[in-house]
Amino acid sequence: MPDVNPRMTLALGLIGGLIGIYLTPINPVLGPLLAALGGVCAIIWGADAIARVASYGLGTGVPSIGYMSVAIGIIGVLAGLAGGLQIGPAYAILAPLIGFVLAVILGGVVALLGKRVIGMKIPILVSCTMELAGASALSVIAFSAAIAGSYLMPAILVSVVSTGFIGLLFIMNTMAIQHPFNACLGPNENRVRTLKLAGATSFFAMTIVGILGIGSTRAWWVITVIGAIAWFISMRMFIQASEDEAASTAWSGWWPKEEGEELRGTVHEIKEED
Amino acid sequence: MDPLIMIGAVTLGGVLIGGGVHFIPVGGAPAAIATATGVGTGTAMLAAGGGMTGLITAAALTGSPLWLILAAGAVGSALMLAVTMFVGNWVYVWGVGCVPCSAKVDIDPISKYPQDKYVTPGTEGHGIPTVCFVSGVIGGLLGGMGGGLAYWAVYTALIDKLPGYFPLLQAKLAIPPAAALAGIFALGLFFVNAVIASYNIGGTIEGFHDPKFKRLPRGVFACIVASLVTGLIGVLLLKGVV
């Protein structure tokens with residue numbers, strides 16, 4: 001079974017997310033687009049992290065840790081953005097990084113409590129919760145920056161927090177991060193297929209983020225159109241992968257197109273491919 | 001407002017939320033197929049329903065005295081959970097066709113009805129019997145009060161500070177961002193504590209009569225520490241790192 005290297009998704013989410021966020025000011029159209037793509041990278045990282053930790057069986061369902069991580073991410077992000085602004089204008093550039101670090105710290109504290117005080121027996125709980133909180137924080141900053149057109153607190157406060165979009169981002173990012181593994185879990189879970197679904201959910205979230213930005217950024221239609229096209233492609237990849245790995249296909253092949261035509265894949269062929 | 005009072009209020013709010021979750025009959029996936037007592041969903045969903053309703057009712061009274069905000073939050077959350085449990089029971093009774101009963105006690109401590117005769121063999125009870133309903137309403141009251149307290153503390157602290165930190169905002173214009181910031185912060189606190197409590201009860205619990213309820217002190221301790229750290233981070237919203 002093809003496996004995904006956790007370091008690869010970590011690098012994708014961390015580097016892609018931070019680059020996307022920090023490139024927001026370069027251009028009024030290209031910047032928010034890159035920020036939205038950064039959010040997509042962060043969500044894919046989060047979906048992989050949640051798949052790793054939830055394979056152990058949390059006892060509370062996959063969504064609960066997703067909701068908790070995005071809640072931690074939002075608390076860290078808002079505190080970090082406000083805090084970074086108040087050190088001085090010169091340090092405002094550090095604000096998203098501070099938000100990310102605060103979220104990772106809070107995630108680590110909660111996971112340590114879960115492990116030490118409550119006594120959960122999941123070896124990778126602490127590292128994965130920290131990764132998840134960080135991924136959630138990056139996805140929230142990136143999508144907020146894509147809506148507001150800037151990663152600084154005043155702009156985000158006016159066009160994301162006051163409008164209430166932050167609540168929508170909370171639920172939407174949670175869904176995008178937790179749904180892939182929640183839908184694909186099971187004994188024959190294939191991480192590549194799960195991440196294809198993560199691509200579909202995150203690009204769908206990006207499409208909605210574009211629509212939310214109508215009032216505040218000129219790039220809204222670019223984000224929406226690119227997000228919708230990418231959603232279509234990734235969703236088709238996911239459906240194709242699901243059909244290829246479905247029991248009826250893997251065991252008896254595709255049904256014949258016309259009468260008399262031979263089966264496209266037989267049991268024998270599939271076994272050889274593996 | 002003094003940041004220390006805000007940290008204290010957020011911590012107390014978090015403890016009330018985490019403690020309240022222990023009272024709510026969370027049935028999880030087994031309850032969804034009527035093979036365990038409780039509401040057939042996870043803590044995160046119940047926290048979303050109860051917590052958000054409580055915060056909306058608490059926020060609707062923004063500017064009122066503290067006790068009124070706490071009461072509004074408590075009533076909002078408790079009402080939402082009561083409606084959820086009540087409508088859930090319709091499905092269990094008339095849809096699935098089972099008698100609401102608990103497998104954890106032989107006699108319902110509140111209604112004094114016998115329980116063990118009605119438990120279908122091979123299941124751990126079904127539906128939401130009286131004791132679970134009462135326990136759930138208590139949990140909703142506690143959780144909503146905690147959410148309202150955290151909202152009130154962050155809002156009161158922010159409303160003095162926002163115009164100064166963001167000169168673009170006039171004093172009047174600061175109300176929507178302060179309310180939204182406080183609301184999302186309290187919601188985040190709600191989810192963090194609800195999930196910690198959920199880890200503590202291992203995903204499912206019937207209410208205060210469940211043997212798992214004895215784990216309450218451990219869960220409350222974890223919630224104190226987590227809420228304290230959340231409150232410390234939340235001070236950055238007001239003060240900045242100097």
Side-chain angles (χ1 to χ4, degrees), chain A residues 57-76 78-88 91 98-99 102-103 105-120 125 153-154 157-158 160-167 169-171 174 178, chain B residues 26 28-29 41-45 47-48 52 158 161-162 165-169 173 175-181 183-185 187-204 215 218-219 221-223 225-226 228-230 232-242:
Chain A
L58 293 161
T60 59
V62 183
S64 68
I65 193 168
Y67 275 109
M68 186 185 73
S69 308
V70 182
I72 290 172
I74 284 189
I75 290 173
L78 292 176
L81 288 179
L85 193 70
Q86 286 156 29
I87 322 173
Y91 297 96
I98 297 175
L102 284 175
I105 292 173
L106 187 55
V109 168
V110 170
L112 273 177
L113 285 171
K115 210 165 175 183
R116 292 286 150 80
V117 179
I118 293 171
M120 294 179 77
L125 183 69
M153 187 65 171
L157 194 68
V158 170
V160 182
V161 177
S162 301
T163 50
F165 291 161
I166 189 84
L169 283 186
F170 177 26
I171 303 294
T174 306
Q178 59 92 357
Chain B
V26 188
T41 186
T43 328
M45 310 306 139
M52 283 182 193
L158 270 175
K161 302 275 182 186
L162 268 186
Y165 283 126
F166 304 105
L168 289 174
L169 298 169
L173 288 179
I175 294 174
L181 263 183
I184 196 74
F185 186 87
L187 189 65
L189 186 76
F190 214 102
F191 273 100
V192 171
N193 285 292
V195 175
I196 290 177
S198 172
Y199 285 161
N200 189 38
I201 56 180
T204 61
R215 298 182 193 169
R218 210 169 58 186
F221 175 70
C223 288
V225 180
L228 189 65
V229 178
T230 311
L232 286 172
I233 289 178
V235 171
L236 278 183
L237 284 174
L238 322 173
K239 282 269 169 186
V241 272
V242 182

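Basis for what follows: all heavy atoms, side chains included, without hydrogens, waters or symmetry-related copies. Worth saying up front: this structure is predicted, and the values here are computed from it rather than measured. A, B, ... follow the sequence lines: proteins, then strands. Residue 1 opens every chain.
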Between A:Ala79, A:Gly80, A:Ala71, which has the largest tally of heavy atom pairs under 4.5 Å with chain B?
A:Ala79
So, the part of A:Ile65 with a heavy atom under 4.5 Å from chain B: the answer is both
Between B:Ser198 and chain A, which part of the residue has a heavy atom less than 4.5 Å away: side chain, backbone, both or neither?
both
For the atom pair CD1 (A:Ile74) and CD1 (B:Ile184), what is the distance rounded to the nearest 0.5 Å?
4.5 Å
Minimal heavy-atom distance between A:Met68 and B:Val195, with the atoms involved, is SD-CG1, 3.6 Å
Value rounded to 0.5 Å, distance of CG in B:Leu232 from CG in A:Leu102
11.0 Å
Test side chain to side chain contact (heavy atoms under 4.5 Å, CB included) applied to B:Leu181 and A:Leu157, step by step
CA-CA 8 Å; B:Leu181 263 183; A:Leu157 194 68; 3.7 Å; yes
B:Tyr199 versus chain A, heavy atoms under 4.5 Å apart: side chain, backbone, both or neither?
both
Using side-chain heavy atoms (C-beta onward) and a distance below 4.5 Å, is A:Arg116 in contact with B:Val225?
no
Surrounding CZ of B:Arg218 (heavy atoms of other residues, nucleotides or ligands, distance under 6.0 Å), is the total greater than 12?
yes
Is A:Val161 in contact with chain B via its backbone, its side chain, both, or neither, using a 4.5 Å heavy-atom distance?
both
Drop me the distance from B:Leu187's CG to A:Tyr67's OH, to the nearest 0.5 angstrom.
10.0 Å
Chain B contact via A:Leu113 - side chain, backbone, both or neither, heavy atoms under 4.5 Å:
side chain
Working to the nearest 0.5 Å, report the span between CD1 of A:Ile75 and OG1 of B:Thr230.
5.0 Å
CE of A:Met153 to CG of B:Leu237: how many Å apart, nearest 0.5 Å?
6.0 Å
Looking at every non-hydrogen atom in both residues, tell me the closest pair between B:Ala226 and A:Leu106 and how far apart they are.
O-CD1, 4.4 Å
Are B:Phe185 and A:Leu78 close enough that some pair of their side-chain heavy atoms sits under 4.5 Å apart?
no
Side chain, backbone, both or neither: which part of A:Ile166 has a non-hydrogen atom closer than 4.5 Å to chain B?
both
Which atom of B:Ala44 lies closest to which atom of A:Ser64, heavy atoms considered:
CB-CA, 3.8 Å
